[in-house]
Amino acid sequence: MPLADALGRPLSSLRVSVTDRCNIRCRYCMPEDDYVWLPRGSILTFEEIDRLVGIFSGLGLKKVRLTGGEPLLRQELDHLISLLGRRPGIEDVALTTNGVLLARSAKRLRAAGLRRVTISLDTLRPDRFTAFTRSARHADVLAGIHAALHLGFTSVKLNSVVIRGFNDDEIVDLLEFGRSQGAEVRFIEYMDVGGATRWSPDAVVSRREILATFERRYGEIRPLAEAPRSSAPAERFALPDGTTFGIIASTTEPFCRTCDRGRLTADGMWLLCLYAESGVDLREMLRSGATDQAIAAHITGVWRGRTDRGAEVRLKAPERGALYQIGSLRADPHREMHTRGG
Ligand code: SF4
């Protein structure tokens, strides 16, 4: 029997954060001036990550997504990609990046076997990008997208977090940009999790509003059928001309019932949900000499008891503001979005 949690959900995908550092400061993720970082000695080596992925794959894991922080800040990430690509049972290794360093590393990543990449692109306007990220590297992001599209990746997706008053007037432009480049855009509702200390319900542009904007502009929008029991977070749609796009409605229409995702922080904390208050310290097991069998048995027991439905629980909260304030994030940096892999 495949491993399933208490709600019948398999353990088939893992987001692996390879660093908690980032080279930009997006307002929805890292809006503060300074952060408490994970100690360097606690960060898993590639060999440790590979070993854990091997153990997870023996329990049904099929998909790995490398994240951060910004994963391309980790030196020689292509080495990790080639290690994971050799793991039997792992069908897909993907990468989510802010794109700033992608142009210079895309070729090596592709050669190491990476086939799918998702790049954050919240605005097409350099001045907005600078105001939003405190970085003037918008052109580097566009160069990264261009490089990925010309290196034969089988999938290049663009992620846009939509925030009222910041970029909600750009969603048609972003869709048009994706269409012109041949990259599918996924519009993400602004979430209240982790470092989103300035989140408020008013700033969320809902799936419904996004669809209404596109319907006014393009006419009827067709939902695309997903495979039964698909666990993909994005719902996909098509414009009348066949252009496709996705919406990730984590805030207003969460999809916890099909969630097969675990998260591994850069220092080896395994989280069962994006909203989980705490996690399971797998680094401690690895470094204290536990066998693969012992670690697998521990993971199995924990996953069998999993009942997490963080976004659905938040949806029912009577008064909703940012989940954490900065003091609580400083006290436990594992609660930060940039630590738990977004
Ligand atoms: S909130 Fe938690 S359970 Fe729900 S989809 Fe996100 S990670 Fe999965």
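We count ligands from 1, going down the list as the structure has it; atoms in each ligand are counted the same way.
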*Nearest-contact summary for atom 6 (Fe) of ligand 1 - protein heavy atom, Å*: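 Heavy-atom neighbour on the protein nearest atom 6 (Fe) of ligand 1: L274 CB, 4.3 Å.
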
_Side chains of E189 and S206 only: does a donor on one sit below 3.5 Å from an acceptor on the other?_
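No, no side-chain donor-acceptor contact under 3.5 Å.
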
_Show the atoms of ligand 1 that are less than 4.0 angstrom away from any heavy atom in D308._
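Matching atoms, with element in brackets: 3 (S).
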
*Just which atoms of ligand 1 are under 4.0 Å from any heavy atom in C259?*
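This gives 3 (S), 5 (S), 7 (S), 8 (Fe) as the contact atoms.
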
*Please name the pair of heavy atoms, one in F46 and one in H79, separated by the smallest distance, quoted to 0.1 Å.*
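The pair with the smallest heavy-atom distance is CD1-CD2, 3.8 Å.
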
*Find the distance between CG (L323) and OG (S328) and round it off to the nearest 0.5 Å.*
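Separation between the atoms: 7.5 Å.
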
*When rounded to the nearest 0.5 angstrom, what distance separates CG in L80 from CZ in R74?*
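CZ of R74 is found 7.5 Å from CG of L80.
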
*asked:* Regarding atom 4 (Fe) of ligand 1: of the candidates A276, C273, A311, C256, which has the closest heavy atom?
replied: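 Nearest option to atom 4 (Fe) of ligand 1, by heavy atoms: C256.
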
